Colleague: 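My structure is below; once you've seen it, I'll send some questions.
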Amino acid sequence: MTLSKSNTLINKKIIDFFPEKVEKILFFNPPSIPGEYYNVDLASRGRYFCYPPYGLGVLVAHLKKNGYQSEICDLNFEVLMSLQNNNHGDFNVIDFLRPIIINNIKDFQPDVIGITSMFTMSHTFILEIAKTSKEVNSSIPILAGGVHPSNAPEMVLKESDRNIDFIMTKESELALIDLLGFVNSNKNDFSPFQISTLIDDQYVCGDVSPPPSENSLNIKPDFLRLPIGQYSSLGEVGAYFFMRGAESKASTSLSNRGCRARCTFCSVENFNGKGVRGRTIDSVIDEIEMQVNDYGINHIMWLDDDLFFDRERAINLFNEIVKRNLNITWDASNGVIASAITDELIHASADSGCIGMHVGVESGSPEILRSIRKPSGVKHYIRAGGILNKYPQIFTKGFLMVGFPSETLGQIKQTIDLAVEMDLDWYTISNLAPLPSTDIYDEMVRDGIIDDGITNTSKVNYGSSQTGKQQDIEDSQKSVKSEFSDHFEGDLEVVPDADMLDDIWFNMDYKINYEPLMSKKMADEKLIKMKKFLLDIGNRITRDNPTPFYFLGVVEEKLSNFDTAKDYYDRANEIKMNSEYWKSRFQVLGL
Ligand code: SF4
């Protein structure tokens with residue numbers, strides 16, 4: 001077999017870096033946000049992600065099957081556990097994690113270290129873990145993989161200061177087995193796939209193999225000794241905590257990989273390849289049953305990006321949950337595709353324990369939807385809203401996005417109008433944050449809207465909900481009466497700038513999430529559901545925000561609980577009177 005020039009170079013580097021046979025692999029799962037954003041108050045309210053490391057569990061299962069020994073050190077879990085159990089004053093996450101990293105390496109004595117990273121927000125930590133690991137033993141090769149390193153392999157390698165030796169891109173469980181087989185057999189005529197590295201400081205990217213076939217997906221993750229049943233007590237697993245209750249134990253499962261669509265802002269195709277590959281229903285159900293029996297799990301969040309890809313399979317999967325008496329609830333926080341929604345599908349979802357479902361809407365403008373290649377159009381969204389509203393036991397949320405290139409205020413207004421017409425229970429609105437390796441990122445770089453290298457850590461858009469940035473804005477403006485304008489009263493042809501988008505976000509949030517609570521007639525079942533959610537926003541998600549309490553008053557009034565309503569109005573008023581920020585906003589909103 002003739003190797004490409006890149007693979008010849010990569011093979012040589014692998015042989016240099018792996019002088020010994022490999023038997024033991026230690027994996028690190030990094031904290032989910034940068035160290036400087038950790039906040040004891042947010043942690044105590046369970047506001048940070050605390051997902052079981054599903055991908056690492058799958059890697060461990062494959063490695064075990066092939067005779068390797070692995071260990072997982074979940075640093076995200078360690079941080080959240082410590083923040084919740086101890087009264088930290090100044091908590092320095094790096095100082096806290098260093099001895100844990102060092103001890104794990106010394107105790108396990110790995111031949112290779114693997115660092116995974118799902119979120120760009122973990123970027124600084126993967127660099128830190130690699131640095132600390134090399135300080136312990138510089139001869140242990142370090143691999144990084146997962147969604148973030150796959151999206152920006154060159155940047156991760158370069159910013160790691162040569163501490164990360166190789167990146168394994170995309171779905172890499174089989175590529176990792178190949179790499180270790182290559183190392184242990186020294187077969188020079190064969191080349192492992194999906195490896196990127198620096199050679200003489202130049203980025204070299206090896207060949208990529210097709211993603212794992214459907215048969216190889218039928219494997220249960222092996223979480224070793226991780227206390228999976230404890231994860232959701234420390235942080236968020238999915239977006240429907242308020243529906244499943246504080247006592248529930250949530251985990252995740254992945255029934256199929258990939259997505260049929262190719263939205264220009266999404267990195268799923270870059271990581272999973274084209275199309276969708278599904279596991280057998282038995283394999284998925286066996287895995288959930290294992291989590292129920294071994295860890296006491298009673299709620300599953302699907303990690304799927306296209307859960308309804310094959311409607312018949314999805315219905316059979318949900319029916320099997322009922323038939324096998326798993327007695328779980330589940331949610332689709334990752335979102336489903338609106339055009340795939342049918343009555344039969346949502347009926348089977350509700351019957352099998354679905355309590356929450358996100359729908360990827362993004363925009364109400366047909367031009368924007370076409371330009372970003374959404375797989376659904378306005379008519380699909382309206383139809384999906386009609387179907388979902390027949391199932392009040394499911395809390396429904398829509399993902400909306402603003403800030404697309406050239407998007408006008410008029411187009412954003414179309415998004416507001418569509419959201420109100422769909423009448424889902426809630427919408428999460430985010431500003432476009434272009435990810436490297438996506439088409440929209442390339443377009444924006446080409447058109448000079450952003451600089452290439454936006455994921456340089458100083459420029460990363462970390463989002464406001466996890467880091468508490470929105471809270472910081474509110475805190476900094478508590479005593480300052482900032483101007484707030486309703487831009488939709490002006491020229492709708494205007495393309496808003498970043499400053500205007502802050503006010504627009506607030507305005508949209510109010511118009512589509514709060515105002516309908518006042519203006520629309522709602523069944524008691526829906527009002528009770530909204531009460532649970534508003535309580536979660538007021539008590540856990542935000543701090544010192546009068547809006548959820550004001551609208552709890554509205555909801556209680558509609559439920560004829562007038563005394564409780566008055567208590568909530570009083571609480572909202574008390575918070576508002578202590579904040580110039582909220583006074584000015586309530587004034588503009590006429591509250
Ligand atoms: S439908 Fe969702 S998962 Fe699929 S490409 Fe679009 S944004 Fe990504």
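Positions are given from 1 along the sequence. Everything quoted here is computed from the prediction, not taken from an experiment.
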Colleague: How far apart are the C-alpha atoms of Glu214 and Arg313, what are their side-chain angles, what is the distance that settles it, and do they pass the salt bridge (charged side-chain N to carboxylate O under 4.0 Å, His left out) test?
Modeller: CA-CA 14 Å; Glu214 292 198 330; Arg313 173 186 172 277; over 6 Å; no

Colleague: Can you confirm if the aromatic rings of Tyr38 and Tyr48 lie within a centre distance of less than 6.0 Å?
Modeller: yes

Colleague: Is Asp16 paired with Lys12 through a side-chain N to carboxylate O contact shorter than 4.0 Å?
Modeller: yes

Colleague: Checking side-chain polar atoms at under 3.5 Å, does Ser196 have a donor or acceptor matched by the opposite partner on Glu154?
Modeller: no

Colleague: Does the distance from a Lys or Arg side-chain N to an Asp or Glu carboxylate O, for Arg324 and Asp286, drop under 4.0 Å?
Modeller: yes

Colleague: Which residue is it: Thr169, Thr438, Asn270? I am looking for the one with a side-chain hydrogen bond (donor to acceptor under 3.5 Å, both in side chains) to Asn151.
Modeller: Asn270

Colleague: Would you check if the distance from the ring center of His347 to the ring center of Phe318 is below 6.0 Å?
Modeller: no

Colleague: Between Ser333 and Asp331, do the side chains contain an N or O donor and an N or O acceptor separated by less than 3.5 Å?
Modeller: yes

Colleague: Compute whether any side-chain donor of one residue and acceptor of the other, for Trp302 and Ser255, lie under 3.5 angstrom apart.
Modeller: no

Colleague: If you measure only the distance, is there a donor-acceptor pair under 3.5 Å linking the side chains of Asp439 and Thr264?
Modeller: no

Colleague: So, Gln291 versus Ser251: side-chain donor-acceptor pair below 3.5 Å or not?
Modeller: yes

Colleague: Are the charged groups of Asp425 and Lys532 less than 4.0 angstrom apart, N to O?
Modeller: no

Colleague: Checking side-chain polar atoms at under 3.5 Å, does Asp343 have a donor or acceptor matched by the opposite partner on Tyr391?
Modeller: yes

Colleague: Could you list the residues that satisfy ring pair (Phe, Tyr, Trp, His ring centres under 6.0 Å) with Phe77, not counting sequence neighbours?
Modeller: Tyr231

Colleague: In plain terms, say whether Lys220 and Glu289 are close enough for a salt bridge, that is, a side-chain N and a carboxylate O under 4.0 Å apart.
Modeller: no

Colleague: With a 4.5 Å limit on heavy-atom distance, are the side chains of Ile541 and Arg47 in contact?
Modeller: yes

